[in-house]
Each structure stands twice: as C-alpha cells, then as structure tokens.
Amino acid sequence: MRQLLTALLRFLLRHALQFALFIVILLAGRLLLAEWRAYSAGSEAVTTLRQASSNAGNHGAGLADAATVRVNALQHASQTAIATRLQEAQAQLHQLRARQQPSLFTLPLPDTNTLALHAQDEAARRVEIEVLTQEARYLSALHAAISGEDARQTLARLHAAHVSAYGALQHNLRQRRELEAQHPLAARLPGSDAYAQLSRLEAEGQRLREVNLQAYRAWLAQRARTSDAARPMPFAIDTSALAGALAPLQTAISMSEALLARNWIARWRAPVLDVAPTAALLVLSAILLPVAIKAFFYFVLAPLAARLKPLSIGHALNVTATTLPLPPDGQSRISAVSQALQLQPGQLMLIHPTYLQSSPVSSTKRTQWLLDWRFPFTSLAAGMVALTRLHSDATASVTISASDDPLLEIAIVHLPAGSALVFQPRGLVGLICNSGQPLAIASHWRLGSLHAWLTLQLRFIVFRGPVTLIVRGCRGVRMERAGQGRSISQSATLGFSTDVLYSTLRSETFIPYLRGQQALLNDRFDGGNGVYLYEETPRHGKQPGKVGSWFEGFTDALLKVFGI
C-alpha cells in the first residue's frame, strides 16, 4: 500500500511540475509575443512618422521656393495685382484651415499605409498653411507700403497747392498795405479810384483766404491718412517657423521613440546588430578554419612527414632486439575470451583484479598500488593501480578473463630475454616477471620527429624481456610481421617491436578525413623480422576527429602525448 501511495504521489508531482512548466512556457511565450507585436507596431509607427516628416519637409521646401519666386515677382507690380494675390492667398488659407481630416477611429482599424497617408497629408497641410501665412503677411506689408507711397505723393501735391494759395493771399495783403500807404484818405473815400481799387483787393483777399483755408484743410486730412510704412525687404521664408509647423509631428516621433526604447527587444536589437557581423565572422571562421587546418595537415604536413626518415626505437636505443615469436601456422590472432597461464615458482604476476577469474587458493595475494613506482603518472593514467600481486611456491594455473565486458579478449605476449616491445599501457591488463628481477620499463621521448608530432605521440614506453604481457583488445588482438610494409589505423595499434621502422602514412581520401570519418594518418611498420600488435575493433579513438566533449578530447590528446 505504501509503494502504491508513493508511486501515486510521484505521478501527481511529476505531472504537476509539467503543468507548472507548461504555464511558465505559455506565459513567457505570450509575453514575448506581446513585446514583439509592440516592437513591430512601434517600429512601423516611427518609420511612418519619419517618412511623413521627411516628405513634408521636402514638400515645404518646394512650396517655399515657389512662394519666394512668386512674391518677389510682385515687388514692382501694381497695387491691384498685389491685392488680388493677397485675396487668393487668404482664400487658400481659409480652405486649408477648414478642411477636416478623416477619422482614424473606424472599424476595422486602419492599416499602416492608411496611417502613413494620414500623417503625410496632415504634415503637408501644416506646411502649406505656414507658407501661405508668411506669404499673406508679406503681401499685406507690401500693399501697405505701396499705398503709403501713393498717399505721400498726394500729400506733397496738396502741400504745394496750400503754399501757392498762401503765397497769393500774402501778395494780396502786401498790395492792400501799399495802396493804403500811398492813398491813406482816398482809399477810405467812397467813389474814389483808390477806394474802388482797395475794395477789389479786399474782395480778392477774402476769396484767397477761403482758397488757402480749403487747401490747408485738405492737406491736414491727407496727412492723417498717410502712413510711414517702408517698403519691406525681398521676401524670404522663415525656415524656423516652417520647421515649427512640423513640431507636433516631431513630438509624436519623440514619444513613439521613447515608447519603443522601453521595449526590451528594441533595447537588445542595437547591441545584437552591432556584434552580429563579428559573430558571423567568428562562425564563418569556426566553419572554415578547421577545414583550412585539415587541408594544411593533409596536403602539406602529411606528405612531408611521409617523405621523412622512419623512426627506429631500436636504432635510437643502440640495441638489437630479439625477434618475437609469431603464432604457429601463420595465424595472427593471439587472443581468446580467457587465457590459462602457468605461474611458475619464482615468478610474480601483477594483474588487474577485475581480470583475475580464478587462481589457486594456495597462492599468495596482496595489493600493489602501482605497476611501477618509477612511473606513477603512467600507472595512474593507464589504470594500473590497486593491482593484485600474486605468487606461488608451486606451479599455479591462473585463468585470466574480462568478466565485465563480453567484447574484450585476452592475449598473452611473451618477451624473451633480449627482446623489447614498444607498448601503450592502455592495453595492458597485467604481466608476469621474475620476482628476483626489477621490471624493465623505460620511456623514450622523440621531440625531434615530425612523425611523433603529427601523431602527438612524443613519448614511447618500452618493455624489455624477459617478461610476459597480458594484453586486452576489443574483439581480439592480432600480432603480425611488418615485412615489406604494413599500414594500420592508429587507434588500433597496441605496440610494436623495437626493430620495426615506424612512420606515418597519409589516409587515402581527403573527404572522409574532412568529415571526421577517418584519421589523418595511419601507422606504418617496416622491417623484415619486426612485429606489431593491434586490436581488431578499437574503442579508443573509434571516431577520429570526433570526441564526446572538449575535455575528453583534451584528455585523449594528453595521454597520447605521454605514450599512454
């Protein structure tokens, strides 16, 4: 009952977590969709308004140029022509101000093109009103200036008439004073010639006084009607006022940009676009650089290495190794699922505990932590740690088998005295040696060989006889004679005798190497009596050029450098 409840609770909890996860995903998707729609709408609005502002500016500039040419052409026109154009401009202004824009609150809502046309028409209407307003204002001033010029000419003419009437009146007064001075009595005596002449002068003076008064009053009235307005400068559009006509549109653009700036997609869009070319270049480099490197290795370094002198470990050690015995009847397979070994008295077996299937009870066993304390790193990296140290006072039959992996087979390689074998400790399960003699293991670096650098195997581990190596291999281990030259995959190689000439051979085709289906180089072995060992189905480096992770690839390369 408890198990049933536990299973039910786990079932409910798992599906509850799935339910919560789906809710989070849906909410995040809805939020992302809303942000994207807001960003798209805001971007379209800003683009539309900017386009409308640009078109309105260009339209306003064209109207300003046309108005400037038209108004300046009226500088020397008649007052009637100026008044006619002024009336036309005022009528156009009245029509533009009275024109109603269509409503945007319709169903369905207008699309982006409709909004763009509305904004463009409104902006064009505003600049047209501003240009016509400036034109009408200037024409009014020009009309006033021309009217003032005509009034001033009339005033001058009336002033001259007043001066002439006043002069005639003064001349009449002088004549009367002279007549009275010459004939003081006769001028006052009726019936005399002097009196008649004085009467005529007085009547003429009265008439001249009326004429002078009328001329003076006409001059005063004209002076009251005459203005001092000067003719304005040539017409020019006030660009600041014309730009001010688009101020509402610029305000709308600023508000739209402010709303768009608060959208997180818009905030990230510019930085992403800034680094996108660099990222694309890096991606392109990541795609092409490995191809270029592989092409360089395949067409340049690998052929160069193939023409170099082979690597001879025996020649470098200045020894002549004893030939290793081959399997009878020309067979190359030396492995089996299990191997039975005879441990003689005085011999010592070091074996990995998982491969020790059976052994006599009378044998002595204890733990040896490292294969060889002189090579702690090699022992640790090869897994040869916590080994079982086994010896017996009598001949003991020991069975070795890979009990934890059905694909592994065990091979026994006997190294007689005087023989030496270059071997990779990764394939070593155990060994049998004389208990009274130290284990003969040596390491040799080959830093000056291009073969070693191309294969990244700069260190070679050499086992010297007499010793018996217990070797493992996937699907079997084979030993073959090098003869006149043999080629094998590097990942399959387990070891070779020191009298073998070791070199590298480029893979036959480039495309499989480029796609990671084949290694760049194969191991090549030359030598009449030399032998080499390899496993049939290598797990190590099964996919050349492809590793499960960068750490695994780095580890494999590092172990290969140290010959492990």
Side-chain angles (χ1 to χ4, degrees), residues 324 327 332-373 375-415 421-435 439-441 461 463-479 491-495 533-542 556 559 563-564:
L324 297 181
S332 62
R333 188 183 182 92
I334 61 173
S335 64
V337 175
S338 63
Q339 296 280 0
L341 297 176
Q342 298 296 321
L343 185 62
Q344 302 296 331
Q347 289 185 331
L348 175 67
M349 176 182 285
L350 296 177
I351 188 70
H352 200 284
T354 57
Y355 290 86
L356 183 59
Q357 189 175 42
S358 66
S359 62
V361 178
S362 60
S363 61
T364 302
K365 304 182 186 67
R366 65 184 182 87
T367 300
Q368 179 165 322
W369 291 105
L370 294 178
L371 175 66
D372 194 328
W373 288 97
F375 302 96
F377 176 74
T378 301
S379 301
L380 289 171
M384 299 300 291
V385 294
L387 303 176
T388 298
R389 181 186 178 99
L390 188 147
H391 64 88
S392 177
D393 295 334
T395 302
S397 177
V398 180
T399 302
I400 308 299
S401 176
S403 58
D404 59 345
D405 192 338
L407 297 179
L408 289 180
E409 293 188 5
I410 304 300
I412 306 301
V413 180
H414 299 284
L415 299 183
L421 181 70
V422 177
F423 192 77
Q424 295 183 3
R426 64 177 177 84
L428 189 63
V429 171
L431 54 82
I432 299 175
C433 62
N434 296 327
S435 58
L439 185 61
I441 303 178
I461 306 297
F463 288 84
R464 291 176 177 271
V467 67
T468 299
L469 301 182
I470 305 173
V471 182
R472 66 181 178 184
C474 183
R475 301 292 294 273
V477 178
R478 292 184 179 270
M479 177 186 292
S491 58
T493 301
L494 291 175
L533 285 81
Y534 64 92
E535 55 180 332
E536 293 191 6
T537 308
R539 291 180 177 177
H540 174 74
K542 186 175 181 180
D556 290 345
L559 294 178
I564 302 172

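- Looking only at atom types and distance, the side chain of Gln344 has a donor-acceptor partner in the side chain of Thr395 under 3.5 Å away.
- Between Ile432 and Val467 there is no side-chain heavy-atom pair separated by less than 4.5 Å.
- Residues Ile461 and Ile441 meet the side-chain proximity criterion, which asks for heavy atoms closer than 4.5 Å.
- Taking CE of Met349 as the start and CG of Leu431 as the end, the distance is 9.0 Å to the nearest 0.5 Å.
- Scanning for ring pair (Phe, Tyr, Trp, His ring centres under 6.0 Å) contacts around Tyr534 gives Tyr532, with sequence neighbours left out.
- Nearest heavy-atom pair, Ser401 versus Val337, reported as atom, atom and distance to 0.1 Å: OG-O, 3.3 Å.
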Does the side chain to side chain contact (heavy atoms under 4.5 Å, CB included) test come out yes or no for Val471 and Val429, once each step is laid out?
CA-CA 5 Å; Val471 182; Val429 171; over 6 Å; no
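- No side-chain donor-acceptor contact under 3.5 Å links Arg475 to the backbone of Glu409.
- Proximity of Leu387 to Trp369: side-chain heavy atoms (C-beta onward) are nowhere separated by under 4.5 Å.
- Of all heavy-atom pairs between Ser332 and Arg478, the closest is OG-NH1, 2.7 Å.
- Going from atom CG of Asp405 over to atom CZ of Arg472 covers 9.0 Å, rounded to the nearest 0.5 Å.
- Considering all non-hydrogen atoms of both residues, Pro345 and Asp393 come closest at CG-O, 3.3 Å.
- Atom CG of Leu348 sits about 7.0 Å away from atom NE2 of His391, to the nearest 0.5 Å.
- Under the 3.5 Å distance criterion, the side-chain polar atoms of Ser335 are matched with a main-chain donor or acceptor of Val477.
- Two residues are said to be in side-chain contact when any heavy atoms from C-beta on lie closer than 4.5 Å; Ile470 and Leu341 meet this criterion.
- One N or O on the side chain of Gln368 and one on the backbone of Leu370 form a donor-acceptor pair closer than 3.5 Å.
- Not one N or O on the side chain of Thr493 forms a donor-acceptor pair closer than 3.5 Å with the backbone of Gly495.
- In terms of heavy-atom proximity, Val413 sits nearest to Leu533 at CG2-CD2, 3.4 Å.
- To the nearest 0.5 Å, atoms CG (Leu356) and OG (Ser363) are separated by 8.0 Å.
- Considering all non-hydrogen atoms of both residues, Thr388 and Pro353 come closest at OG1-CG, 3.6 Å.
- Side-chain contact between Ser397 and Gln342 is present, with heavy atoms from C-beta onward closer than 4.5 Å.
- Residues Leu390 and Ser359 are in side-chain contact: their nearest non-hydrogen atoms beyond the backbone lie under 4.5 Å apart.
- The CG atom of Leu343 sits 6.5 Å away from the OG atom of Ser392 when rounded to the nearest 0.5 Å.
- The distance from atom CG of Leu421 to atom CE of Met479, rounded to the nearest 0.5 Å, is 7.0 Å.
- Using a 4.5 Å heavy-atom threshold, the side chains of His352 and Leu428 count as separate.
- In the displayed structure, Arg333 atom CZ is contacted under 6.0 Å by more than 12 heavy atoms of other residues, nucleotides or ligands.
- Looking at heavy atoms from C-beta onward, Cys474 lies in side-chain contact with Glu535 at the 4.5 angstrom threshold.
- Across Asp372 and Leu439, no two heavy atoms sit closer than the pair OD2-O, 4.0 Å.
- Within the 3.5 Å criterion, the main-chain N or O of Ile410 finds a donor-acceptor partner in the side chain of Gln339.
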